[in-house]
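For reference, the structure is listed below as structure tokens.
Quantities reported herein were computed from a predicted structural model and do not represent experimental measurements. Here is how names work: the chains are called A, B, and so on, in the same order as the sequence lines, proteins then strands, and each is numbered from 1.
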Protein chains: 2
Amino acid sequence: MSASPSPAGPRPYHHGNLKKALVEAGLALLEERGLGGLSLREIAARVGVSHTAPKNHFGNLKGLLTAIAAEGFRRHAAALEAGLKPADGPVERLHAAAEGYIRFARENPALFRLMFSADLCDFEDPDRSAAAAASYAILARLAGSLAPGNADAGERQTRMETLLWSIVHGYATLANEGQLATGPEGAQLHGIADLFRHWPRFV
Amino acid sequence: MSASPSPAGPRPYHHGNLKKALVEAGLALLEERGLGGLSLREIAARVGVSHTAPKNHFGNLKGLLTAIAAEGFRRHAAALEAGLKPADGPVERLHAAAEGYIRFARENPALFRLMFSADLCDFEDPDRSAAAAASYAILARLAGSLAPGNADAGERQTRMETLLWSIVHGYATLANEGQLATGPEGAQLHGIADLFRHWPRFV
DNA sequence: AGTTGAAAATTTACATTGGAAACATGAGTG
DNA sequence: CACTCATGTTTCCAATGTAAATTTTCAACT
């Protein structure tokens, strides 16, 4: 399609842009085999380059994984905003974002874990940091829409964000690790979502 | 002590009981170098045996890590019950357990992550499962003490447990990954803990 | 144009890891 | 005492990430 401007040549000179190809291959491999079955050599092999080629673009494995995580956060932010209808009230919007958070984690378990693993990716990387901050800002803004703007609004706002984030992140993490496998699919999530409706009374 | 009957000999015949020694060495190494710097060979070297010796007791690395995780859950349960005073009311006891949960995770970040990692340890292992269930039961019991025993008490109880677990687990996870590093140490935790006091109004 | 230089990839080599197989040792039992 | 079997060791192997040296390719410049 429109990804490569000239689809005529079977293979570009060096590769075109290996950077994006490696990230996409990593994302695909992550989805197929999970975090454990992921290796630098295999990502490179899937793209068709030698296993040392990524070094030029990402330095080392951690750099490549960090780039994958950054792309993950961009998709994560999109998932958060997916069901966000402007006409809805604050509670409904928060509800939708929380569901988006958890759905994304459930549909991309390996990527989700990578995104939040300080061992596997570099949290100092500006690209990943910016993407993560943008994703967090969506949740924070919705949390802020529920907290009344009083005197100590700042502190309360921070608590509100942290609590909301802890709930959705904790639920997503536990579900992904298979710890919440009770009852039919989504029933638990629905129960949690119901609780969100009582949110304002909780503050 | 009763660990080694005769402390005179420099080294026992085969080793005494290597099983416990490997688990303890693994726990120590986990605390020193984290999850990344952990290897079967290094654990074995610390105990003073060859790197294939653990195979006889644990099968493979996953088996050893699972045993370490099981021991971690036993300590985790102890941490949950540490500040649990029988004289306190349900809310105070829940508060104390939640603090214990998060404190344990913060003081043993690598072990905490290992305990909940389906990649690194075997969730089917009976020993680990039992220890994890015992730890969870403490939280569940406290959550149940807050939920009124009505008609659909079962479902509500489950939701309550899940929500409580999600909060403490999510907070612990995010804090361990360095995502909540704002303000002075423990301030965030205190804020979260305050919210627990309003718990009954949330149900 | 032709040359030069840097970016991009490859080849080769190496240290580390987990695991498998064959072998050695020693304790406990008949 | 002899046998057996659990417990460890030695040796070997495949896979992984990384570094260094080398080659290829494109772009810019005179």
Closest of D/dT16, C/dT17, D/dT9 to the A/Arg41 side chain is D/dT16
* **Geometric cation-pi criterion B/Arg128 and B/Phe123, 6.0 Å radius, 45° cone** => yes
Considering only heavy side-chain atoms of B/Ala53, the closest of D/dT9, D/dG17, C/dG18 is D/dT9
Whole-Å distance, A/Ile43 CD1 to D/dA15 P, equals 17 Å
Atom pairs, protein N/O to nucleotides 20-24 of chain C N/O, distance under 3.5 Å:
residue : atom : partner : partner atom : Å
C/dA20  : OP2  : B/Lys55 : NZ           : 3.4

Between CG of B/Asn17 and P of C/dA27 the distance, given in whole Å, is 16 Å
Please work out if B/Ser50 contacts a base, only the sugar-phosphate, or nothing of the nucleic acid, heavy-atom cut-off 4.0 Å. base
Residues passing the side chain to side chain contact (heavy atoms under 4.5 Å, CB included) test with B/Asn60, sequence neighbours excluded, are B/Lys62
To the nearest angstrom, the CG-P distance between B/Leu64 and C/dG18 comes to 10 Å
When rounded to whole Å, the CG to C1' distance for the pair B/Leu29 and C/dT17 reads 14 Å
Test side-chain contact (heavy atoms from CB on, under 4.5 Å) on A/Trp165 and A/Tyr101 and set out the steps. CA-CA 10 Å; A/Trp165 198 15; A/Tyr101 193 107; 2.9 Å; yes
Of the candidates C/dG19, D/dT18, C/dA9, the side chain of B/Leu61 sits closest to C/dG19
key: Side chain proximity check, A/Leu120 to A/Thr66, heavy atoms < 4.5 angstrom   = no
Would a 4.5 Å heavy-atom cut-off, applied to side chains only, mark B/Leu65 and B/Asp122 as touching?
no
Review item, side-chain donor-acceptor pairs of residues 50-58 of chain A, under 3.5 Å, at least two apart:
residue : atom : partner : partner atom : Å
A/Ser50 : OG   : A/Thr52 : OG1          : 3.2
A/His51 : NE2  : A/Arg41 : NH2          : 3.4

Hey, is the side chain of A/Asn56 pairing donor to acceptor with the base of C/dA9 inside 3.5 Å? yes
Picking from C/dA13, C/dA9, D/dT7, the nucleotide nearest the side-chain atoms of B/His57 would be D/dT7
Taken to the nearest whole Å, CZ/B/Phe58 to C1'/C/dG19 is 17 Å
> Can B/Tyr136 and B/Glu161 be said to form a side-chain hydrogen bond (donor to acceptor under 3.5 Å, both in side chains), step by step?
Replying inline: CA-CA 9 Å; B/Tyr136 177 72; B/Glu161 296 173 10; 2.8 Å; yes
